[in-house]
**Student:** 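Questions regarding the structure given below will be posed in turn.
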Amino acid sequence: IFGNDNPNITLYGHTGGLPGATTDFAYIPELKVGYALMLTTSNGQAVGRAQQLIREYLLKGVVNKPEQAIELPRKFQQLEGLYQKLNPSGNIELIKTDVDGIMKFSVSDNRLHREPFFGGWRSSDYATNDKNLTDPYTGLPSIAIVQDPLAGEVVQVGGETYKKVSVISVYGRLALLISLVIFSAISILLALIWIPRRVFGKLQHGSSIKLRALPLAASICLILLPLVPAVLGADVLDIARLSPTSFSIFLLSIIYPFLSCYSLFVAYKTRTATMNSWVYWHSTLLALLHVSFSVYVATYGLLALRLWA
């Protein structure tokens, strides 16, 4: 189902494509017109412009008045907040939606607006009855409040369902991820300094070396996890059965939480040792971030990950 710039005129069809080629087929049943488009390009702007010109021609002079909007029912006004998609295809997809799958609902001008957490587009759904809202772009029902047997009251948007989540949980996850990236990047950059110094004997061996090395190793382990399929093979069969790819992921998903916990233990044991305070607190905070992230992914069953099971 496609929308267009003419309210309540809906196009039905399908798109497709390969590198260097794009296809588009659409029709409007009530007008008994349609089109088939084939282009030798993957340029999104060129395809969009071609679609726009064809649709403007087909809909030239067509007027279809949308249904009269009513005052936005109170139950839809109360939907303001942050929402997370329910029932993704798996735990890996679920943890991904924790950040980039968050939707923001807001109300203004008698419309319910929904937009991705990081922006990009914004809807303006309106009410014509007290049961559901309508998308002005397609003229079709877009939002309804329904009961899920497991999650309770949820919001259905098209074919997907969303559950309201707290602002603290969303920004907490985001802060954890950003902090982990920043502290890991600093740890890697500092390693480019202290490792050569240690190799050439300009940095004495001591408790600070172990304290620096363990969180660094945890960061490297975490970076390697998504790189394994690219290096050893990302074929579905290689991931779904016992193979070098799936076994490497399994090992790294065990080593990472071990290094995280052990690095925090070492930080506690060396709290009274003589060393640079900046080195101590940076390594300790990085270890704490790794432990927090390990607990976070553990709640989704992503430690000791046996993809072949």
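None of the values given here were measured: they were computed from a predicted structure.
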**Student:** Does the side chain of Leu305 reach to within under 4.5 Å of the side chain of Leu307, using non-hydrogen atoms?
**Tutor:** yes

**Student:** Look at the side chain of Lys131 and the backbone N and O of Ala144, then say whether any donor-acceptor pair between them is shorter than 3.5 Å.
**Tutor:** no

**Student:** In Å and rounded to the nearest 0.5 Å, what is the CG to CG distance from Leu264 to Leu289?
**Tutor:**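 It comes to 10.5 Å.
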
**Student:** side-chain contact (heavy atoms from CB on, under 4.5 Å) for Thr284 and Leu286? Distances and angles first, verdict last.
**Tutor:** CA-CA 5 Å; Thr284 300; Leu286 180 55; over 6 Å; no

**Student:** Could you grab the distance from atom CG of Leu37 to atom CG of Leu39, nearest 0.5 Å is fine?
**Tutor:**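 If we round to the nearest 0.5 Å, Leu37:CG and Leu39:CG are 4.0 Å apart.
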
**Student:** Report yes or no: does Asp24 contribute a side-chain atom to a donor-acceptor pair with the main-chain N or O of Thr15 at less than 3.5 Å?
**Tutor:** no

**Student:** Less than 4.5 Å apart, any side-chain heavy atom of Leu31 and any of Leu58?
**Tutor:**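 No, their side chains stay 4.5 Å or more apart.
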
**Student:** Is there a continuous path of hydrophobic side-chain contacts, each under 4.5 Å between heavy atoms, that joins Ile249 to Val231?
**Tutor:** yes

**Student:** Going through the checks in order, is the side-chain contact (heavy atoms from CB on, under 4.5 Å) test met by Tyr27 and Val33?
**Tutor:** CA-CA 6 Å; Tyr27 66 98; Val33 296; over 6 Å; no

**Student:** Does Tyr57, at its OH atom, have more than 12 non-hydrogen atoms belonging to other residues, nucleotides or ligands within less than 6.0 Å?
**Tutor:** no

**Student:** Hey, would you say the Tyr126 and Phe76 ring centroids sit under 6.0 Å apart?
**Tutor:**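 No, the ring of Tyr126 stays outside the 6.0 Å limit from the ring of Phe76, centre to centre.
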
**Student:** Testing the basics here: between Ala151 and Leu86, what is the closest heavy-atom pair and its distance to 0.1 Å?
**Tutor:**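 Ala151 and Leu86 have their closest heavy atoms at CB-CD1, 3.7 Å.
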
**Student:** Does the side chain of Ile28 reach to within under 4.5 Å of the side chain of Leu59, using non-hydrogen atoms?
**Tutor:** yes

**Student:** List the residues meeting ring pair (Phe, Tyr, Trp, His ring centres under 6.0 Å) with Tyr162, not counting sequence neighbours, and say none if there are none.
**Tutor:** none

**Student:** Are any side-chain N or O atoms of Thr41 and backbone N or O atoms of Gly20, one a donor and one an acceptor, separated by less than 3.5 Å?
**Tutor:**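 No, Thr41 side chain to Gly20 backbone: no donor-acceptor pair under 3.5 Å.
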
**Student:** Closer than 3.5 angstrom, by distance alone: can the side chain of Arg271 be matched with the main-chain N or O of Tyr268 as a donor-acceptor pair?
**Tutor:** yes

**Student:** Any heavy-atom pair between the side chains of Pro116 and Trp121 that's under 4.5 Å?
**Tutor:**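 Yes, at least one pair of side-chain atoms sits under 4.5 Å.
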
**Student:** Roughly how far, to the nearest 0.5 Å, is the CZ atom of Arg212 from the CG atom of Leu216?
**Tutor:** 11.0 Å

**Student:** Looking only at side chains, do His113 and Ser106 share a donor and an acceptor under 3.5 Å apart?
**Tutor:** no

**Student:** Got Leu303 and Ile254 here, is their nearest side-chain heavy-atom distance under 4.5 Å?
**Tutor:**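 Sidechains of Ile254 and Leu303: no contact.
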
**Student:** For Asn276, look at atom CG and say whether over 12 heavy atoms of other residues, nucleotides or ligands are found less than 6.0 Å away.
**Tutor:**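 Counting other residues, nucleotides and ligands, CG of Asn276 exceeds 12 neighbours.
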
**Student:** When rounded to the nearest 0.5 angstrom, what distance separates CZ in Arg306 from CG in Leu242?
**Tutor:**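 Reported value, rounded in 0.5 Å steps: 10.5 Å.
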
**Student:** Minimum heavy-atom separation for Val228 to Ser248, with atom names?
**Tutor:** CG1-CB, 3.8 Å

**Student:** Just checking, any donor-acceptor pair under 3.5 angstrom between side chains of Asp98 and Gln84?
**Tutor:** yes

**Student:** Please give me the minimum heavy-atom distance between Glu71 and Ala127, naming the atom from each residue.
**Tutor:** O-CB, 4.4 Å

**Student:** Decide yes or no for Ile143 and Asn132: does some side-chain heavy atom of the first lie under 4.5 Å from some side-chain heavy atom of the second?
**Tutor:**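 No, every pair of side-chain atoms sits at 4.5 Å or beyond.
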
**Student:** Phe247 vs Trp308 aromatic rings, parallel, tilted or perpendicular, using cut-offs 30° and 60°?
**Tutor:** tilted

**Student:** Would you say the side-chain atoms of Lys163 pair up with the backbone N or O of Glu153, donor to acceptor, closer than 3.5 Å?
**Tutor:**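 Yes, the answer is positive, given that a donor and an acceptor are paired below the 3.5 Å cut-off.
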
**Student:** Verify, without hydrogens or angle tests, whether Ser283 (side chain) and Tyr280 (backbone) share a donor-acceptor contact under 3.5 angstrom.
**Tutor:** no

**Student:** Where do Leu18 and Ser42 come nearest, in terms of heavy atoms and distance?
**Tutor:** O-OG, 3.4 Å

**Student:** Could you check whether any side-chain N or O of Lys164 sits under 3.5 Å from a backbone N or O of Glu80, counting only pairs where one atom can act as donor and the other as acceptor?
**Tutor:** yes

**Student:** If you compare all heavy atoms of Pro226 against all heavy atoms of Pro229, which two are closest, and at what distance to 0.1 Å?
**Tutor:** O-CD, 3.4 Å

**Student:** Answer yes or no: is there a donor N or O on one side and an acceptor on the other, between the side chain of Asn43 and the main chain of Gln45, under 3.5 Å?
**Tutor:**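 Judged by distance alone, yes, a pair lies under 3.5 Å.
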
**Student:** Could you give me the CA-CA distance, side-chain angles and deciding distance for Phe105 and Val157, then say whether side-chain contact (heavy atoms from CB on, under 4.5 Å) is met?
**Tutor:** CA-CA 11 Å; Phe105 286 19; Val157 181; 4.1 Å; yes

**Student:** Let me have the donor-acceptor pairs involving side chains of residues 177-196, under 3.5 Å, with sequence neighbours excluded, atom names and distances please.
**Tutor:**
residue: Ser179; atom: OG; partner: Ala175; partner atom: O; Å: 2.7
residue: Ser184; atom: OG; partner: Leu180; partner atom: O; Å: 2.8
residue: Ser184; atom: OG; partner: Ser219; partner atom: OG; Å: 2.9

**Student:** I want to check something: taking the side chain as every heavy atom from C-beta on, are Phe118 and Leu174 in contact at a cut-off of under 4.5 Å?
**Tutor:**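 SC-SC contact between Phe118 and Leu174 confirmed.
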
**Student:** Applying a strict under-4.5 Å side-chain criterion to I, L, V, M, F, W and Y, I'd like to know whether Leu222 and Ile220 cluster together.
**Tutor:**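 Yes, Leu222 and Ile220 fall within the same hydrophobic cluster.
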
**Student:** To the nearest 0.5 Å, tell me how far Leu302 CG sits from Ser294 OG.
**Tutor:** 11.5 Å

**Student:** First locate atom CD1 of Ile223, then atom CG of Leu252, and finally report the distance between them rounded to the nearest 0.5 Å.
**Tutor:** 11.5 Å

**Student:** Would Glu160 and Gln156 count as having a side-chain donor-acceptor pair, cut-off 3.5 Å?
**Tutor:**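 No, because no side-chain N or O of Glu160 sits under 3.5 Å from a partner of the opposite role on Gln156.
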
**Student:** Could you walk me through whether Ile209 and Arg198 satisfy the side-chain contact (heavy atoms from CB on, under 4.5 Å) test, starting with their C-alpha distance in whole Å, then the side-chain angles of each, then the deciding distance to 0.1 Å, before giving a yes or no?
**Tutor:** CA-CA 9 Å; Ile209 299 297; Arg198 177 72 187 96; 4.0 Å; yes

**Student:** Is there a continuous path of hydrophobic side-chain contacts, each under 4.5 Å between heavy atoms, that joins Val107 to Tyr83?
**Tutor:** yes

**Student:** Quick check against the 3.5 Å criterion: does Ser123 have a side-chain atom that pairs as donor or acceptor with the backbone of Arg114?
**Tutor:** yes

**Student:** Test of understanding: clusters of I, L, V, M, F, W, Y form through side-chain heavy atoms closer than 4.5 Å, transitively. Do Leu224 and Leu259 belong to the same one?
**Tutor:** no

**Student:** Hey, is the main chain of Leu72 close enough, under 3.5 Å, to the side chain of Gln77 for a donor-acceptor pair?
**Tutor:** yes

**Student:** Among Thr134, Asp125, Asp135, which one satisfies side-chain hydrogen bond (donor to acceptor under 3.5 Å, both in side chains) with Ser142?
**Tutor:**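 Between Ser142 and the candidates, side-chain hydrogen bond (donor to acceptor under 3.5 Å, both in side chains) is satisfied uniquely by Asp125.
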
**Student:** So which heavy atom on Arg173 is nearest to which on Ile102, and how close?
**Tutor:**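 Distance-wise, the nearest heavy atoms are NH1-CD1, 4.2 Å.
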
**Student:** In terms of hydrophobic clusters joined by side-chain contacts under 4.5 Å, are Phe293 and Val170 together?
**Tutor:** yes

**Student:** Do Ile70 and Asn110 have side chains that get closer than 4.5 Å, going by heavy atoms?
**Tutor:**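 No, their side chains stay 4.5 Å or more apart.
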
